[in-house]
Amino acid sequence: MLKRVRVPLQRVLGPLGAALARRGVNPNVVTLIGALGVSASALVLYPRGDLFWGSFAITIFVLSDMIDGALARARGVAGSWGAFLDSNLDRVADAAVFAGLIWWFSRGDHQPVLVGLCIFGLVAGNMVSYARARAEGLGLRGDVGVAERTERLIVILIATGFSGLGVPFIQAIGLWLLAVASAVTVAQRFAAVYRQASVDAGPVEPGTTSDPADSPHSPNSLSAS
């Protein structure tokens with residue numbers, strides 16, 4: 001949804017990444033600082049009810065998630081390890097944001113419905129990411145959907161930040177929107193992978209299996225996932 005915005009944004013981040021590269025900054029360090037900053041801000045400020053300042057601090061650290069990519073490209077060190085580290089730390093940061101909100105809604109604000117929406121948003125967000133990773137592991141595309149990580153973060157940070165400023169109902173609206181968008185995205189990715197897998201499978205002759213792994217003689221007949 002925000003792909004049109006990313007191109008001009010990269011033009012701004014490119015020079016910043018180049019400047020940091022000249023200073024010898026390691027992009028993986030930037031990634032780690034960003035994840036730790038998001039996690040600390042969410043787990044310290046949100047449980048205290050500082051929803052605006054928590055969202056403000058998280059937004060600042062989230063920007064490093066875009067800077068590290070520009071920095072890695074400027075240094076010519078973009079590779080598998082950096083991508084692996086970034087993806088896993090993103091999951092940690094997302095979990096911290098929802099954990100901080102769950103803590104506040106359950107113990108400070110006493111809103112069980114919002115607690116449930118946060119739990120659903122956390123699980124659905126992980127499903128969105130896992131569906132794409134699993135699809136790509138099978139050689140298929142799973143990057144479709146209305147709500148990728150950037151969109152989900154924007155929704156929850158805006159809703160939480162304005163809620164901290166006293167805007168009524170916006171937190172509930174944001175979390176409901178996030179829940180619906182995440183569920184729709186999961187469904188879109190399942191549908192996209194199903195279509196691709198159906199085309200790849202082709203017609204199956206009688207007495208044969210569409211996947212060698214289905215054979216009782218295959219070493220992969222028992223799935224480990």
Side-chain angles (χ1 to χ4, degrees), residues 1-10 13 31 34-35 38-39 41-42 46 51-52 54-69 83-84 86-102 104-105 111 113-138 140-164 167 169-197:
M1 187 180 294
L2 296 178
K3 291 180 180 178
R4 295 179 181 178
V5 180
R6 290 172 186 168
V7 174
L9 186 60
Q10 287 175 354
L13 296 176
T31 301
V38 170
S39 300
S41 300
Y46 279 169
L51 302 184
F52 173 78
S55 299
F56 179 82
I58 290 170
T59 301
I60 297 300
F61 284 110
V62 163
L63 293 177
S64 66
D65 189 44
M66 293 176 280
I67 295 174
D68 61 0
F84 176 82
D86 184 65
S87 295
N88 280 277
L89 290 180
D90 282 348
R91 306 289 81 75
V92 173
D94 292 350
V97 170
F98 282 105
L101 288 175
I102 290 170
W104 167 245
F105 292 140
Q111 298 197 54
V113 173
L114 298 188
V115 171
L117 287 173
C118 284
I119 294 173
F120 181 85
L122 175 59
V123 174
N126 283 329
M127 280 293 299
V128 169
S129 300
Y130 181 78
R132 174 175 179 173
R134 186 68 178 118
E136 292 176 350
L138 295 170
L140 305 174
R141 290 193 59 185
D143 56 351
V144 301
V146 297
E148 296 184 353
R149 180 176 185 259
T150 302
E151 288 84 355
R152 298 196 306 272
L153 275 175
I154 288 174
V155 170
I156 196 166
L157 290 176
I158 289 179
T160 304
F162 277 100
S163 177
V167 178
F169 307 117
I170 193 168
Q171 184 79 75
I173 292 172
L175 287 173
W176 275 110
L177 176 62
L178 182 66
V180 172
S182 298
V184 169
T185 303
V186 171
Q188 288 176 312
R189 293 190 172 182
F190 270 63
V193 172
Y194 176 78
R195 288 193 297 268
Q196 295 171 73

R141 vs Q196, test: side-chain contact (heavy atoms from CB on, under 4.5 Å). Steps then yes/no.
CA-CA 8 Å; R141 290 193 59 185; Q196 295 171 73; 3.7 Å; yes
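- For R91 against R149, the heavy-atom pair with the smallest separation is NH2-CD, 3.5 Å.
- Taken to the nearest 0.5 Å, the CD1 atom of I158 stands 10.5 Å off from the CG atom of L177.
- Remark: S55 OG to L153 CG distance equals 10.5 Å, nearest 0.5 Å.
- Separating the OG atom in S182 from the CG atom in L117 is a distance of 11.0 Å, to the nearest 0.5 Å.
- Contacts of R195 classified as salt bridge (charged side-chain N to carboxylate O under 4.0 Å, His left out), with partners at least two apart in sequence or in another chain: none.
- Residues satisfying the side chain to side chain donor-acceptor pair (under 3.5 Å) test with R152, not counting sequence neighbours, are none.
- What you find for V186 and A124 is that their closest heavy atoms are CG2-O, 3.8 Å.
- Enclosure of atom CZ in F56 is not indicated, since only 12 or fewer non-hydrogen atoms of other residues, nucleotides or ligands lie within 6.0 angstrom.
- Here the side chain of E151 pairs a donor or acceptor atom with the backbone of E148 at under 3.5 angstrom.
- Side-chain contact check for I154 versus T150: some heavy-atom pair is nearer than 4.5 Å.
- A donor and an acceptor atom, one from each side chain of Y46 and S41, are nowhere located under 3.5 Å apart.
- Considering only heavy atoms from C-beta on, L175 comes within 4.5 Å of F105 through its side chain.
- The two residues R132 and G142 have their closest heavy-atom pair at CB-O, 3.4 Å.
- Taking CD from Q171 and CD from Q111, the interatomic distance works out to 8.0 Å, rounded to the nearest 0.5 Å.
- Using a 4.5 Å heavy-atom cutoff, the side chains of L114 and W104 are not in contact.
- With rounding to the nearest 0.5 angstrom, the CE atom of M127 is 12.5 Å from the CG atom of L122.
- The closest side-chain heavy-atom distance from L51 to L101 is below 4.5 Å.
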Would V62 and I58 count as a side-chain contact (heavy atoms from CB on, under 4.5 Å) if you check the C-alpha gap in whole Å, the side-chain angles of each, and the deciding distance to 0.1 Å?
CA-CA 6 Å; V62 163; I58 290 170; 3.9 Å; yes
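- We find the CG-OG1 distance between L89 and T31 to be 7.0 Å, quoted to the nearest 0.5 Å.
- Residues passing the side-chain contact (heavy atoms from CB on, under 4.5 Å) test with T185 are V128, V146, A147, Q188, R189, sequence neighbours excluded.
- Minimum interatomic distance between F120 and A179 (heavy atoms only, all atoms of both residues): CE2-O, 3.4 Å.
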